[in-house]
Amino acid sequence: MKKTIAGGAGSAAGFEVALPHPRTSQPAPALTRFLENEGLLAAVLLAPTVLLLSLFIAYPFVMGVWLSLSSTSVGNPGEFVGLRNFVKAWNDSIFRTAFGNTFFYTFWATVFKLVLGMWLALLLNRHFRGKRLVRASMLLPFIVPTVLSTFAWRWMFDPTFSVLNWLLYQGGLITTKLPFLSDGTYGLWCAIVVNTWRGMPFFAITLLAGLQTISPDLHEAASLDGANGWHRFWHVTWPLLKPVTLVVVVFSVIQTFSDFQLIYVLTGGGPANATHLLATYAYQIGVATGLLGEGAAISLFMLPVLFVVVWVQLRYLRRLEGA
Amino acid sequence: MAQVMMKDLNKKYDEVHAVKDVNLHIRDKEFVVLVGPSGCGKSTTLRMVAGLEEITSGEITIGDRIVNDLPPKDRDIAMVFQNYALYPHMTVYDNMAFGLKMRKFPKPEIQKRVQDAAEILGIQELLKRKPRQLSGGQRQRVAVGRAIVRHPQVFLFDEPLSNLDAKLRVQMRVELKRLHDRLETTAVYVTHDQVEAMTLGDRVVVMKDGWIQQVGEPLDLYSRPANKFVAGFIGSPAMNFIDVSLSDAGGLWAEGQGLRVKVAPAHATRLSAYKGQKVTLGLRPEDLRVASGGDPAEYTIDAVVDVVEPLGSEILLDLRAGQTTLVARVEPAVRAKVHETIKFALVPDRARFFDTKTELAI
Amino acid sequence: MVIEKRWKTWVFFYIPLAVFVVGTLFPFYWMLITAIRPDAELYRSWRAATNTPFWTLQPTLEHFRDLMAKTTFPRWLWNTFFIAVASTLISLFCGLLAGYALARLRFPMAGTLGTSIFVTYLVPPTLLFIPLADIIRNFQLGNTPWALILTYPTFLIPFCTWLLMGYFKTIPKELEECARIDGATRFGAMTRIIFPIAVPGILSAGIFAFTLSWNEFIYALVFLSSPERKTVPVGVVSELIRGDIYFWGQLMAGALLGSIPVALVYSFFVEYYVTGLTGSVKG
């Protein structure tokens with residue numbers, strides 16, 4: 001070892017023989033050797049992640065499936081009951097409402113978020129003074145805890161003191177107060193409004209990032225070809241933005257479909273259980289009432305939809321990698 | 001200060017056999033260049049020497065140690081990468097000192113070595129800068145400096161000049177050569193540029209499809225290529241190839257594609273075995289010159305000028321002769337016009353012949 | 001630029017943008033104005049002639065004072081902060097190592113593992129909270145901060161891994177190869193060369209993870225029971241409403257104070273946050 005380190009260009013001009021001799025010749029410790037192996041190093045690096053995720057995702061998932069097939073409730077270990085929980089849920093009218101609500105809520109909220117988010121992204125893609133500030137403030141609804149901002153909305157929808165009712169009344173649009181949260185249909189639409197308000201920035205900022213990758217040359221070329229604003233959007237912007245849009249929609253659908261906190265705070269599932277979503281109803285049965293088995297079964301009803309969405313996403317990613 | 005030996009070296013990826021049975025002995029203090037088109041296995045070979053790729057089979061020896069199972073850090077080598085691979089979060093000084101720090105050299109020693117290397121490369125002024133504040137040429141120097149401070153047994157260069165512009169490339173090429181003369185460290189250099197290979201290498205290794213095609217000193221490769229690939233790869237513009245068949249008519253004649261020339265007596269004995277068969281005739285562009293009255297007719301070719309490329313020091317003529325095209329490199333004084341028919345004389349002894357099937361030199 | 005007429009700019013640009021800005025920010029303004037309005041004004045008939053909903057002439061900090069002095073709100077703030085920081089650090093640690101392994105190392109099952117981690121990224125907490133509550137009970141973690149510190153990483157790690165993997169892939173491989181030749185082990189090249197270069201990516205992931213854990217609700221709601229253990233979102237929802245009575249002034253003060261920390265973190269690192277946000281869907 002000595003000669004290998006101290007040798008080299010020792011005799012060549014400009015270099016002295018390297019002394020004192022550095023300490024590199026100790027045999028490498030076993031651990032170091034071990035970690036030079038790519039596969040073993042990967043195993044070590046992935047261990048904490050795999051451990052945590054299997055403990056708190058894979059295990060609960062299996063456990064959830066087991067719970068849903070059992071009559072477990074708080075303080076009662078329960079026994080295997082087959083699909084009884086699922087059948088019971090399906091025959092429960094509140095569950096049916098929650099099930100329908102979840103789709104309704106997801107569909108409209110996603111549509112609004114996409115349309116408004118795209119519009120906002122197009123607006124933000126232009127140059128104007130204070131753009132950075134506007135862009136930054138637009139994300140506020142997304143970063144502020146949903147529960148807290150939903151409280152503000154609940155106050156704005158308050159049956160007695162609603163500022164929105166006041167505005168509409170002063171504007172001459174209504175003569176009596178609208179029953180924002182005290183009517184099931186109104187309640188669900190209110191939730192859709194709040195969800196849109198909260199989720200739209202995510203769409204806008206992500207789509208904006210997509211827009212910024214589109215070269216302005218394309219637009220100039222298109223307008224030289226005589227395309228008007230709408231044509232430019234439809235034939236140039238939208239096709240190039242489709243991949244980003246798909247991914248954002250997938251993320252949003254998953255989050256909206258499994259939403260809990262917004263309804264929990266805004267309506268609590270009321271009035272008369274008319275505005276439950278799958279997650280809030282699962283909470284009411286599984287946690288508030290303590291019927292763990294039935295609650296687990298209700299939340300598992302989300303799985304097929306999530307599965308389809310994830311599958312679409314993965315297929316899309318594969319296609320991207322293949323291309 | 002070490003030799004590098006590769007014995008029956010092979011590298012297989014899942015489906016690709018990237019390096020095939022490479023045997024190479026690089027002598028101490030030698031500057032060896034691996035050259036070949038992309039995908040020929042030259043970089044993979046270098047990376048196996050560095051320890052960055054696992055060896056599928058075979059053996060690599062650096063100095064007197066078999067290094068197959070040594071991690072790169074224990075091989076006592078230094079490498080310069082095509083994209084320089086300077087650590088962007090460190091100053092030039094820290095970049096150059098990193099390897100020494102990792103080997104726990106004492107501080108004053110590190111300082112001295114970095115200073116010395118910086119002086120050799122003329123980058124003393126840059127030591128406090130970050131890589132992103134440097135020009136391409138400066139980054140290149142830092143990358144080289146980082147390699148030489150360690151006084152390694154072997155330098156490895158992986159296309160180090162490819163990212164530089166043409167002018168800087170020539171300049172750095174000269175500097176690398178000078179540096180090697182001064183440091184006298186064994187060096188293995190990978191490039192796809194045959195000019196770089198010829199100018200830098202004490203010996204040049206030509207590779208293709210994972211095989212070594214030929215190993216030799218630059219001028220040997222040029223004048224005695226082992227096969228058609230090497231003949232075509234070394235030299236610019238490339239050698240002209242003409243498919244001909246050999247016939248006996250008062251001496252050996254090569255005939256084909258509308259051309260007919262006599263085989264020089266020096267080659268005739270070797271070629272006699274190929275009588276009546278197809279071979280490939282190779283003529284270097286500089287071995288075609290405008291014929292004067294005194295040239296014997298059996299060594300001349302009539303050709304029509306297609307394109308004239310005046311380069312200043314010489315003129316390249318793209319020619320049509322018979323059914324084939326040829327390139328000739330002629331004196332700048334030659335006044336050739338497009339469409340003009342000119343008689344060219346070839347240097348009979350310098351013509352090369354290749355077996356058309358095996359492509360090996362005859 | 002494509003040139004257009006002035007009135008068009010107003011109709012198609014300034015006015016819609018203004019509507020977006022007002023619509024987005026109004027709830028926050030409403031939070032603020034409610035929080036500083038005296039109770040007497042808050043609960044005034046909406047048809048009263050003196051009603052001035054958009055401003056107040058007698059701003060008061062009474063609600064804030066009550067919130068800080070008479071409730072456990074300061075405690076919730078601390079809990080939330082502690083839990084968010086701890087779970088973010090754990091997630092960054094795991095995400096860095098896993099992201100590096102998936103981006104750089106060749107090993108069997110790499111593809112499968114990457115896909116599985118991505119899939120767990122898409123599993124929503126509401127699918128698992130019931131069995132998880134049972135597991136937390138069995139592990140004796142119920143009603144402790146550890147219940148959250150250990151479960152938040154389940155949605156943070158996949159995100160961090162995904163984001164950092166993307167970041168690592170943008171760093172030239174030669175850097176660590178050079179470091180390994182220079183005398184570093186694989187592990188050393190990772191910690192000394194790649195991680196320092198990845199600092200912007202780490203910041204993005206960290207900030208995003210911090211806001212996500214600050215905002216988390218359902219796990220905190222289900223796993224914590226005693227009032228002094230709660231996080232801000234859960235505390236505000238469950239403890240500031242006494243019986244059926246909503247103290248809106250105090251609630252809005254709480255909502256405002258609970259939002260400010262994330263808003264602050266966000267405003268300092270907007271660019272990193274946006275990178276994290278857009279990166280979270282790209283990969």
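Chain identifiers are assigned alphabetically (A, B, ...) following the order of the sequence lines, protein sequences preceding nucleic acid strands; residue numbering begins at 1 within each chain.
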message: Taking side chain as everything from C-beta outward and backbone as N, CA, C, O, which of these in C/Met109 sits under 4.5 Å from a heavy atom of chain A? Side chain, backbone, both or neither.
response: neither
- prompt: What part of A/Val50 lies closer than 4.5 angstrom to a heavy atom of chain C: side chain, backbone, both or neither?
  reply: side chain
- prompt: How long is the gap from CE on C/Met252 to CZ on A/Arg154, to the nearest 0.5 Å?
  reply: 10.0 Å
field: Part of A/Ile57 within contact of chain C (heavy atom distance under 4.5 Å)
entry: both
query: So which of A/Thr150, A/Leu139, A/Asp259 has the largest heavy-atom pair count under 4.5 angstrom toward chain C?
result: A/Leu139
field: Under 4.5 Å from a heavy atom of chain A, the part of C/Ile241 involved
entry: side chain
query: Where does A/Val287 contact chain C at under 4.5 Å (heavy atoms): side chain, backbone, both or neither?
result: side chain
task: Quick one: pull up CG in C/Leu240 and CZ in A/Phe151 and give me the separation to the nearest 0.5 Å.
output: 8.0 Å
- prompt: Which pair of heavy atoms, one from C/Pro16 and one from A/Trp119, lies closest together, and at what distance?
  reply: CB-CZ2, 3.6 Å
query: Rounded to the nearest 0.5 Å, how far does CG of A/Leu45 lie from SG of C/Cys94?
result: 11.0 Å
- prompt: Do A/Phe142 and C/Thr211 pass the side chain to side chain contact (heavy atoms under 4.5 Å, CB included) test, and can you show the C-alpha distance, the side-chain angles, and the key distance before you say yes or no?
  reply: CA-CA 10 Å; A/Phe142 193 71; C/Thr211 61; over 6 Å; no
task: Against chain C, label A/Pro141 side chain, backbone, both or neither, depending on which of its atoms sit under 4.5 Å from a heavy atom there.
output: both
- prompt: Any idea which of C/Phe187, C/Tyr266, C/Phe107 has the most non-hydrogen atom pairs under 4.5 angstrom with chain A?
  reply: C/Tyr266
Under 4.5 Å from any heavy atom of chain C - which part of A/Leu278: neither
task: Counting only heavy atoms closer than 4.5 Å, note whether C/Ser91 contacts chain A via side chain, backbone, both or neither.
output: neither
message: Are A/Trp197 and C/Phe28, when compared by the centres of their aromatic rings, separated by less than 6.0 Å?
response: yes
field: Contact leader toward chain A among C/Leu150, C/Val270, C/Val119, where contacts are heavy-atom pairs under 4.5 Å
entry: C/Leu150
query: Which heavy atom in C/Ile90 sits nearest to a heavy atom in A/Leu52, and how many Å separate them?
result: CG2-CD1, 3.9 Å
field: Salt bridge flag under 4.0 Å for residues C/Arg104 and A/Glu38
entry: no
- prompt: C/Leu105 and side-chain contact (heavy atoms from CB on, under 4.5 Å): which partner among A/Leu40, A/Leu46, A/Leu41?
  reply: A/Leu41
message: Hydrogens and angles aside, do C/Thr34 and A/Trp155 bring a side-chain donor and acceptor to less than 3.5 Å of each other?
response: yes
- line: When every non-hydrogen atom of A/Pro48 is compared with those of C/Leu97, the smallest separation belongs to CG-CD1, 4.4 Å
Which atoms of C/Leu102 approach chain A - backbone, side chain, both or neither, heavy atom under 4.5 Å: side chain
field: Between C/Ala101, C/Ala110, C/Ser116, the one whose heavy-atom pairs under 4.5 Å with chain A are most numerous
entry: C/Ala101
message: For the aromatic rings, using the six-membered ring if either is Trp, is the centroid distance between C/Phe13 and A/Phe128 under 6.0 Å?
response: yes
Greatest number of heavy atom pairs closer than 4.5 Å to chain C - which of A/Phe257, A/Phe301, A/Tyr59: A/Tyr59
query: Where does the angle between the aromatic ring planes of A/Phe56 and C/Phe139 fall among parallel (under 30°), tilted (30 to 60°) and perpendicular (over 60°)?
result: perpendicular
task: Would you confirm whether A/Glu36, through its side chain, and C/Thr185, through its main-chain N or O, come within 3.5 Å as a donor-acceptor pair?
output: no
- prompt: CH2 of A/Trp66: more than 12 outside heavy atoms within 6.0 angstrom?
  reply: yes
message: Is the shortest side-chain heavy-atom distance between C/Ser259 and A/Ser149 below 4.5 Å?
response: no
query: Is the count of non-hydrogen atoms from other residues, nucleotides or ligands lying under 6.0 Å from C/Tyr29 atom OH greater than 12?
result: yes
message: Any non-hydrogen side-chain atom of C/Phe217 less than 4.5 Å from a side-chain atom of A/Pro145?
response: no
Residue among C/Phe93, C/Trp214, C/Tyr246 with most heavy-atom pairs under 4.5 Å to chain A: C/Tyr246
message: Is C/Leu17 in contact with chain A via its backbone, its side chain, both, or neither, using a 4.5 Å heavy-atom distance?
response: both
message: Taking A/Ser258's backbone N and O only, do any of them form a donor-acceptor pair with C/Thr126's side chain (distance below 3.5 Å, no angle check)?
response: yes
- prompt: Which one, C/Val234, C/Leu251, C/Leu221, leads in non-hydrogen pairs under 4.5 Å with chain A?
  reply: C/Leu221
task: Measure the CD1-CE distance between C/Ile130 and A/Met63 for me, rounded to the nearest 0.5 Å.
output: 11.5 Å
C/Pro233 versus A/Leu148, closest heavy-atom pair with distance: CA-CD2, 4.3 Å
- request: Just do the side chain to side chain contact (heavy atoms under 4.5 Å, CB included) check on A/Met156 and C/Met31 with the steps written out, would you?
  value: CA-CA 9 Å; A/Met156 283 158 56; C/Met31 251 186 219; over 6 Å; no
- request: Give, as side chain, backbone, both or neither, the part of C/Leu212 having an atom under 4.5 angstrom from any heavy atom of chain A.
  value: neither
message: Less than 4.5 Å to any heavy atom of chain A: does that hold for the side chain of C/Val262, its backbone, both, or neither?
response: both
task: Give the member of A/Val65, A/Leu116, A/Val147 that has the highest number of heavy-atom pairs under 4.5 Å with chain C.
output: A/Val147
Chain C contact via A/Leu51 - which portion, at a heavy-atom distance below 4.5 Å: neither
task: Go through the atoms of C/Pro158 and report whether side chain, backbone, both or neither lie under 4.5 Å from a heavy atom of chain A.
output: side chain
- prompt: In Å, rounded to the nearest 0.5 Å, how long is the span from CG of A/Leu133 to OG of C/Ser267?
  reply: 10.5 Å
query: Between A/Ile143, A/Thr49, A/Leu35, which residue shows the highest count of heavy-atom pairs closer than 4.5 Å to chain C?
result: A/Ile143
task: Could you check if a side-chain atom of C/Thr24 sits within less than 4.5 angstrom of a side-chain atom of A/Ser137, using non-hydrogen atoms only?
output: no
- request: Measure distances from A/Leu292 to the heavy atoms of chain C and classify the residue's part below 4.5 Å as side chain, backbone, both or neither.
  value: both
Spacing of A/Leu140 atom CG and C/Leu25 atom CG [to the nearest 0.5 Å]: 6.5 Å
message: Taking A/Thr146's backbone N and O only, do any of them form a donor-acceptor pair with C/Asn215's side chain (distance below 3.5 Å, no angle check)?
response: no
- line: One option among C/Ile218, C/Val236, C/Ile117 has the most heavy-atom pairs under 4.5 Å with chain A, and it is C/Ile218
